Number of protein chains: 2
Amino acid sequence: MRADARKNYDHLLAVARDVVTEQGADASLRDVARRAGVGLGTLYRHFPTREALLEALLRASFDELTARAGGLETSGSSDDALVSWLREAVAVARNYRGVVAAMVAAIADPDSALHASCVKMRAAGTRLLARAQAEGMARTDIDGADLFALIGALAWLGDQPSLAPRADHLFGVIASAILTNRGSSDVRRERRPPARR
Amino acid sequence: MRADARKNYDHLLAVARDVVTEQGADASLRDVARRAGVGLGTLYRHFPTREALLEALLRASFDELTARAGGLETSGSSDDALVSWLREAVAVARNYRGVVAAMVAAIADPDSALHASCVKMRAAGTRLLARAQAEGMARTDIDGADLFALIGALAWLGDQPSLAPRADHLFGVIASAILTNRGSSDVRRERRPPARR
DNA sequence: ACCTGAACACCGTTCAAGT
DNA sequence: ACCTGAACACCGTTCAAGT
């Protein structure tokens with residue numbers, strides 16, 4: 001990439017981060033170009049679709065999430081591993097308001113710039129779920145696609161101002177539905193040992 | 001209302017039903033007016049906001065839902081009543097694509113034309129939940145606002161083409177999380193007596 | 001009372017023209 | 001190779017002018 005192009009690319013991405021943080025995933029691309037002091041065509045040249053821009057904004061988070069899944073796969077308790085990763089996955093999907101809609105649309109569209117990241121994410125979740133299921137810690141009537149859908153639902157919840165206050169609590173409720181033999185309060189506490197009576 | 005105005009109102013509503021069915025809750029209002037063969041200002045006169053239009057489209061469904069809750073409040077089993085109503089509430093929120101976002105926004109905005117309907121809906125759910133909780137059939141760490149949020153999340157799930165196939169199954173999963181001492185397969189089967197072994 | 005549609009300020013996307 | 005910005009086809013919303 002030519003030096004001036006590289007500079008434009010980096011600057012656009014930095015500006016986009018601000019604008020998408022402010023306005024959400026369907027931020028005005030015109031506004032991004034304007035604030036970056038760049039022609040509208042330049043933005044489209046570097047990011048041919050909105051998804052391409054979002055993918056660039058989220059790449060690092062997705063990579064961290066995948067790495068995290070790898071670490072958790074060999075951790076002590078398969079149920080805690082699943083729940084911890086689930087929480088982080090929801091956090092990634094909430095990185096920018098409205099991005100979760102793009103993610104769930106991308107998982108069914110191989111042409112989307114977000115497709116690969118989302119498939120990888122779903123696969124990572126599926127592995128952690130399968131391990132928990134094999135150890136009898138998670139219900140066996142759900143699969144990776146269900147898990148991905150629940151991540152989406154929880155991220156969506158958190159994106160709605162009127163529902164966001166319940167998001168953490170409902171994470172516990174839903175996590176408790178996934179796990180076997182565990183109350184939601186245990187989920188919230190990440191299974192700290194109960195106080196002695 | 002003058003006769004010509006009444007006619008416009010009714011026709012606009014009928015056309016809007018088609019357009020919103022096709023395009024979802026953020027359908028083009030211009031398109032509605034155009035297809036109704038009416039000036040754009042006429043649409044705005046009758047429905048000053050998008051929410052007012054959606055409210056008119058959904059009123060009948062909301063009324064049915066409220067009536068249904070009344071009937072279920074005195075039904076035999078409080079848990080089945082809750083789950084049945086929950087299923088219908090999700091169906092109402094899925095009546096038109098994208099309408100669930102307007103509903104969750106409206107619940108926090110007293111000025112929204114959809115506010116009253118949503119508050120009524122939440123109240124109806126709260127009563128059914130409270131009864132089930134009093135009888136020990138539902139977990140006691142959730143309230144009406146949580147229930148409303150879960151309805152929203154399930155309706156949103158069903159609105160996403162890539163997740164919709166899981167919507168029914170995940171309804172069962174989440175319903176099982178709300179109820180005490182009941183598996184999700186029982187929820188799906190509405191507690192038909194188990195086959196004799 | 002009610003209706004119309006132009007006017008305004010925005011979009012996303014494309015692409016000829018420039019450097 | 002890369003950048004620019006006008007052009008096009010859309011929006012939502014308002015409001016002066018008409019009947």
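Order of the sequence lines sets the chain letters (A, B, ...), proteins ahead of strands, with each chain counted from 1. This structure is a prediction, so every number in the text was calculated from the model and none was measured.
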_Between A:Glu135 and A:Ser78, is the side-chain hydrogen bond (donor to acceptor under 3.5 Å, both in side chains) condition met? List the steps._
CA-CA 7 Å; A:Glu135 294 185 8; A:Ser78 61; 2.9 Å; yes
*B:Ala3 near the nucleic acid: base, sugar-phosphate alone, or nothing, with a heavy-atom cut-off under 4.0 Å?*
nothing
*Would you mind reporting whether B:Ile178 and B:Leu147 have side-chain heavy atoms less than 4.5 Å apart?*
yes
*Can you tell if the side chain of B:Met137 reaches within under 4.5 Å of the side chain of B:Leu82, non-hydrogen atoms only?*
no
*Scan residues 108-116 of chain A against DNA chain C and write down, sorted by residue number, each residue with any heavy atom closer than 4.0 Å; if none is found, say none.*
none
*Let me have DNA chain C in dot-bracket notation, would you? Count Watson-Crick plus G-U wobble pairs, both distances under 3.5 Å, and use [ ] for pairs crossing earlier ones and | for inter-strand partners.*
||.|||||...|||||.||
*Pairs in or reaching into residues 25-49 of chain A: which pass ring pair (Phe, Tyr, Trp, His ring centres under 6.0 Å), with residues at least two apart or in two chains?*
A:Tyr9-A:His46, A:Tyr9-A:Phe47
_Residue pair B:Arg59 / B:Ser117, side-chain heavy-atom distance below 4.5 Å_ = no
*asked:* Between B:Val32 and B:Asp18, does the side-chain contact (heavy atoms from CB on, under 4.5 Å) criterion hold? Intermediate values first, please.
replied: CA-CA 9 Å; B:Val32 173; B:Asp18 291 345; over 6 Å; no
*Do any pairs count as a side-chain hydrogen bond (donor to acceptor under 3.5 Å, both in side chains) and have a residue in residues 91-106 of chain B, sequence neighbours left out, and if so which ones?*
B:Arg17-B:Tyr96, B:Ser61-B:Asn95
*Close residues, residues 32-51 of chain A, relative to DNA chain C [heavy-atom separation under 4.0 Å]*: A:Arg34, A:Leu40, A:Gly41, A:Tyr44, A:Arg50
Counting only pairs under 3.5 Å, give me each side-chain donor-acceptor contact of residues 99-112 of chain A, with atom names and distances, residues two or more places apart or in other chains.
| unit_1 | atom_1 | unit_2 | atom_2 | d |
| --- | --- | --- | --- | --- |
| A:Asp109 | OD1 | A:Asp111 | N | 3.0 |
| A:Ser112 | OG | A:Leu114 | N | 3.0 |

For residues 150-160 of chain A, tabulate all N or O donor-acceptor pairs below 3.5 Å that involve a side-chain atom, not counting sequence neighbours.
| unit_1 | atom_1 | unit_2 | atom_2 | d |
| --- | --- | --- | --- | --- |
| A:Asp159 | OD2 | A:Gly98 | N | 2.9 |
| A:Gln160 | NE2 | A:Trp156 | O | 3.3 |

*If you find the nucleotide of DNA chain C closest to B:Asn8 and the one closest to A:Asp26, which residue's nucleotide is nearer the 5' end?*
B:Asn8
*Just the endpoints, please: which first and last nucleotides of DNA chain D, 5' to 3', lie under 4.0 Å from a heavy atom of chain B?*
D:dC11 to D:dC15
_Residues that A:His115 engages under ring-ring contact (aromatic ring centres under 6.0 Å, His included), provided they are two or more places apart_ = none
*Keeping to residues at least two apart or across chains, list the side-chain hydrogen bond (donor to acceptor under 3.5 Å, both in side chains) pairs with something in residues 28-41 of chain A.*
A:Glu22-A:Arg35, A:Gln23-A:Asp31, A:Asp31-A:Arg34
*salt bridge (charged side-chain N to carboxylate O under 4.0 Å, His left out) involving B:Arg68 - partner list, sequence neighbours excluded*: B:Glu88
Give the table of side-chain donor-acceptor pairs shorter than 3.5 Å for residues 121-130 of chain B, with sequence neighbours excluded, one pair per line with atom names and distance.
| unit_1 | atom_1 | unit_2 | atom_2 | d |
| --- | --- | --- | --- | --- |
| B:Thr126 | OG1 | B:Arg122 | O | 2.7 |
| B:Arg127 | NE | B:Glu73 | OE2 | 3.0 |

